Amino acid sequence: MGVLCVAASCGSPKPPPAKPAPAAPAVAARPPVRPICAVETTAGLDREPRDRVFPAQNWFVLMVHAYRSDGEMARPLTDCTGRVIKLDVDGCGRDPLPEAKPTQLTPDDLVVTSLGEERRLVWVITEHLPDGQGQGPVAIATVEPRGIAVRALGVLRAYREHVTLRLETVSGAQVLVADGQRCADPDTAASCERAIRVVPLVGDRFVMTPLVTAEGTCISSTLFPVRTKGTQTAAHGATYELEAATNFSQGTMVVREQLAVSRAPRPHAAKDTSSEAFIARLQLERTIAIRNGRLVTDGPSLLTRWMRQSENAPSADQ
């Protein structure tokens, strides 16, 4: 008699069931990065982090060590980490830094820019300088569940009037850009000069270093004049006006400079055609990059080049 086979029970024996794959080892969650400094405050707890606004005193307490509620600060000035808020040199160190004027902090000495969501860019101007600049701690801060915290810190020196702060990218690295002005007469726009200060972010520190060439030769400070004017005595009293535009695009910083030079005729040589008033217009474009945390340029500014040429030119009286 034949044997009837059922497909599920005849033929080769069934292989043993596969063993379950071993569970992947649990990956420990990374602990949150500790802030450089932090303070607790109840200000703005009824709002979302991006919409919270804090009193100036909260920022002063966060960023300036030993700040007192009456606006006074212990000397020497130190930031929240205990580091002295001071720059020994600005640029190539050829000229001494102007003496800072101690100031009593007021809300006018605070600049806060939102970077979106919970991040803020904050500058506390702890000292006023006679050249129109201000100096003090600058930070990237975050709004925390119950306060505010510093995530990056440094010292900024820049023109303090009508100043704006922002972050840009140069050569894949972030830089702080402080755009401000100084005015001989606040009521006269023509008396105002404007400049931007550019400071690289290296790790969690804003580091002010001089502008250098690719070979490492110091060129100047990283304060870039945007609008300025003056007189060059070496060029027989020629006056100049500089206008510059800075552009941050595709990870590159480009500075386009235009210089207008004029000279009035010399009274004692009225018949000399070479003494007649003249206007010269010069242009230059420079590219700025970041290498090893320093701003690197392809050459001096247009104003520096013209001044050197004027100083080296033979006198017309010779």
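Only this structure's heavy atoms are used, side chains among them; waters, hydrogens and symmetry mates stay out. Nothing here was measured: the structure is a model prediction, and the numbers come from that model.
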**For Arg119, salt bridge (Lys or Arg N to Asp or Glu O under 4.0 Å) partners two or more places apart** = none
**Message:** Does any part of the side chain of Phe54, heavy atoms only, come nearer than 4.5 Å to the side chain of Val143, both counted from C-beta?
**Reply:** yes
**Asked** Which heavy atom of Pro137 sits nearest a heavy atom of Leu153, and at what distance?
**Response** CB-CD1, 4.4 Å
**Request:** Taking atom CG of Asn292 as the centre, report whether more than 12 heavy atoms of other residues, nucleotides or ligands fall under 6.0 Å from it.
**Result:** no
**Message:** Could you see if Val155 belongs to whatever hydrophobic cluster contains Val64? Use Ile, Leu, Val, Met, Phe, Trp, Tyr and a side-chain cutoff under 4.5 Å.
**Reply:** yes
**Item:** Test side-chain contact (heavy atoms from CB on, under 4.5 Å) applied to Leu167 and Leu121, step by step
**Value:** CA-CA 8 Å; Leu167 291 179; Leu121 195 53; 4.1 Å; yes
**Request:** Evaluate the criterion side-chain contact (heavy atoms from CB on, under 4.5 Å) for residue pair Val122 and Val111; output intermediate values, then yes/no.
**Result:** CA-CA 6 Å; Val122 188; Val111 182; over 6 Å; no
**Request:** Applying side-chain contact (heavy atoms from CB on, under 4.5 Å), run through Leu295 and Val198 and close with a yes or a no.
**Result:** CA-CA 9 Å; Leu295 290 174; Val198 182; 3.8 Å; yes
**Check: Arg281 and Gln258 side chains under 4.5 Å, non-hydrogen atoms** = no
**Asked** Under 3.5 Å, is there a donor-acceptor pair between the side chain of Arg160 and the main chain of Ile125?
**Response** no
**Request:** Would you name the heavy atoms of Leu165 and Ala178 that are closest together and state the gap between them?
**Result:** CD2-CB, 3.7 Å
**Message:** Can you give me the closest heavy-atom contact between Glu257 and Ala244, atom names plus distance?
**Reply:** CG-CB, 4.0 Å
**Prompt:** side chain to side chain contact (heavy atoms under 4.5 Å, CB included) with Val89: which residues, sequence neighbours excluded?
**Reply:** none
**Request:** Let me see the working for Thr252 and Val170 under side-chain contact (heavy atoms from CB on, under 4.5 Å), right down to the final yes or no.
**Result:** CA-CA 5 Å; Thr252 302; Val170 178; over 6 Å; no
**Pairing of Arg197 and Asp90 as salt bridge, 4.0 angstrom limit** = yes
**Pairwise side-chain contact, Asp204 with Ile36, heavy-atom cut-off 4.5 Å (strictly under)** = yes
**Prompt:** Is the closest side-chain donor-acceptor distance between Thr239 and Thr231 under 3.5 Å?
**Reply:** no
**Complete:** dist Cys37:SG -> Ile148:CD1 (nearest 0.5 Å) comes out at 11.0 Å
**Prompt:** Charged N to carboxylate O under 4.0 angstrom, Arg194 versus Asp179?
**Reply:** yes
**Asked** When you look at CZ of Arg146, are more than 12 heavy atoms from neighbouring residues, nucleotides or ligands closer to it than 6.0 Å?
**Response** no
**Asked** Counting distance only, does the side-chain N/O of Thr78 pair as donor-acceptor with the main-chain N or O of Ile85 below 3.5 Å?
**Response** no
**Asked** Any donor and acceptor pair, going by atom type alone, linking the side chain of Ser191 with main-chain N or O of Cys183 inside 3.5 Å?
**Response** no
**Prompt:** How far does OG1 of Thr41 sit from CG of Asn58, to the nearest 0.5 angstrom?
**Reply:** 4.0 Å
**Prompt:** What residue among Glu168, Arg256, Met253, Glu285 forms side chain to side chain contact (heavy atoms under 4.5 Å, CB included) with Asn247?
**Reply:** Arg256
**Single-linkage hydrophobic cluster Leu115~Leu110, side-chain heavy atoms < 4.5 angstrom** = yes
**Request:** Find out whether Arg294 and Pro210 are in side-chain contact, i.e. whether some heavy atom of one side chain is under 4.5 Å from a heavy atom of the other.
**Result:** yes
**Under 3.5 Å donor-acceptor, Thr297 side chain and Gly299 backbone** = yes
**Prompt:** Would Glu193 and Arg182 satisfy salt bridge (charged side-chain N to carboxylate O under 4.0 Å, His left out), going step by step from the backbone distance to the final call?
**Reply:** CA-CA 5 Å; Glu193 298 184 357; Arg182 65 176 179 182; 2.9 Å; yes
**Complete:** In this structure, CG of Leu284 is separated from OG of Ser301 (nearest 0.5 Å) by 8.0 Å
**Asked** Would you call Val226 and Ile196 a side-chain contact if the rule is heavy atoms closer than 4.5 Å?
**Response** yes
**Request:** Please report the C-alpha distance between Gln135 and Arg157 in whole Å, then the side-chain angles of each, then the deciding distance to 0.1 Å, and finally whether the side-chain hydrogen bond (donor to acceptor under 3.5 Å, both in side chains) criterion is met.
**Result:** CA-CA 4 Å; Gln135 178 175 284; Arg157 180 190 292 258; 2.5 Å; yes
**Message:** Between Leu156 and Val124, is there shared hydrophobic-cluster membership here, with clusters defined by ILVMFWY side-chain heavy atoms closer than 4.5 Å?
**Reply:** yes
**Prompt:** Between atom OG1 of Thr228 and atom CD of Gln181, what is the distance when rounded to the nearest 0.5 Å?
**Reply:** 12.0 Å
**Asked** Any link between Val255 and Met307 through a network of hydrophobic side chains (Ile, Leu, Val, Met, Phe, Trp, Tyr) touching at under 4.5 Å?
**Response** no
**Message:** Taking Glu48's backbone N and O only, do any of them form a donor-acceptor pair with Asp51's side chain (distance below 3.5 Å, no angle check)?
**Reply:** no
**Message:** So Gln174 and Phe206, do their side chains get closer than 4.5 Å, heavy atoms only?
**Reply:** no
**Asked** Are Leu87 and Tyr159 connected, step by step, through hydrophobic side chains (Ile, Leu, Val, Met, Phe, Trp, Tyr) whose heavy atoms are closer than 4.5 Å?
**Response** no
**Item:** Residue pair Arg151, Glu144: steps toward the salt bridge (charged side-chain N to carboxylate O under 4.0 Å, His left out) verdict
**Value:** CA-CA 11 Å; Arg151 300 292 175 175; Glu144 302 297 316; 3.1 Å; yes
**Message:** Between Lys229 (side chain only) and Ala190 (backbone N and O only), is there a donor and an acceptor less than 3.5 Å apart?
**Reply:** yes
**Message:** Measuring only between side-chain heavy atoms, which start at C-beta, is Val199 closer than 4.5 Å to Thr209?
**Reply:** no
**Item:** Interatomic distance, Ile288 atom CD1 to Phe248 atom CZ [nearest 0.5 angstrom]
**Value:** 9.0 Å
**Request:** Check whether any side-chain heavy atom of Ile279 sits under 4.5 Å from a side-chain heavy atom of Val261, and report yes or no.
**Result:** no
**Fill in**
Of all heavy-atom pairs linking Tyr67 and Met73, the shortest is CD1-CG, 4.1 Å
**Item:** For Ala195 against Pro225, the heavy-atom pair lying closest together
**Value:** CB-CA, 3.9 Å
**Item:** Over 12 foreign heavy atoms within 6.0 Å of CZ, Arg68
**Value:** yes
**Asked** Would you say the side-chain atoms of Arg52 pair up with the backbone N or O of Gly44, donor to acceptor, closer than 3.5 Å?
**Response** yes
**Asked** Can you tell me if Ser221 uses its side chain to pair, donor with acceptor, with the backbone of Gly91 under 3.5 Å?
**Response** no
**Asked** Roughly how far, to the nearest 0.5 Å, is CZ of Arg120 from CH2 of Trp59?
**Response** 6.5 Å
**Message:** Could you report the tightest heavy-atom contact between Thr126 and Gly136, atom names first, then the distance?
**Reply:** OG1-CA, 3.4 Å
**Asked** Quick one: do Arg50 and Glu117 make a salt bridge, cutoff under 4.0 Å?
**Response** yes
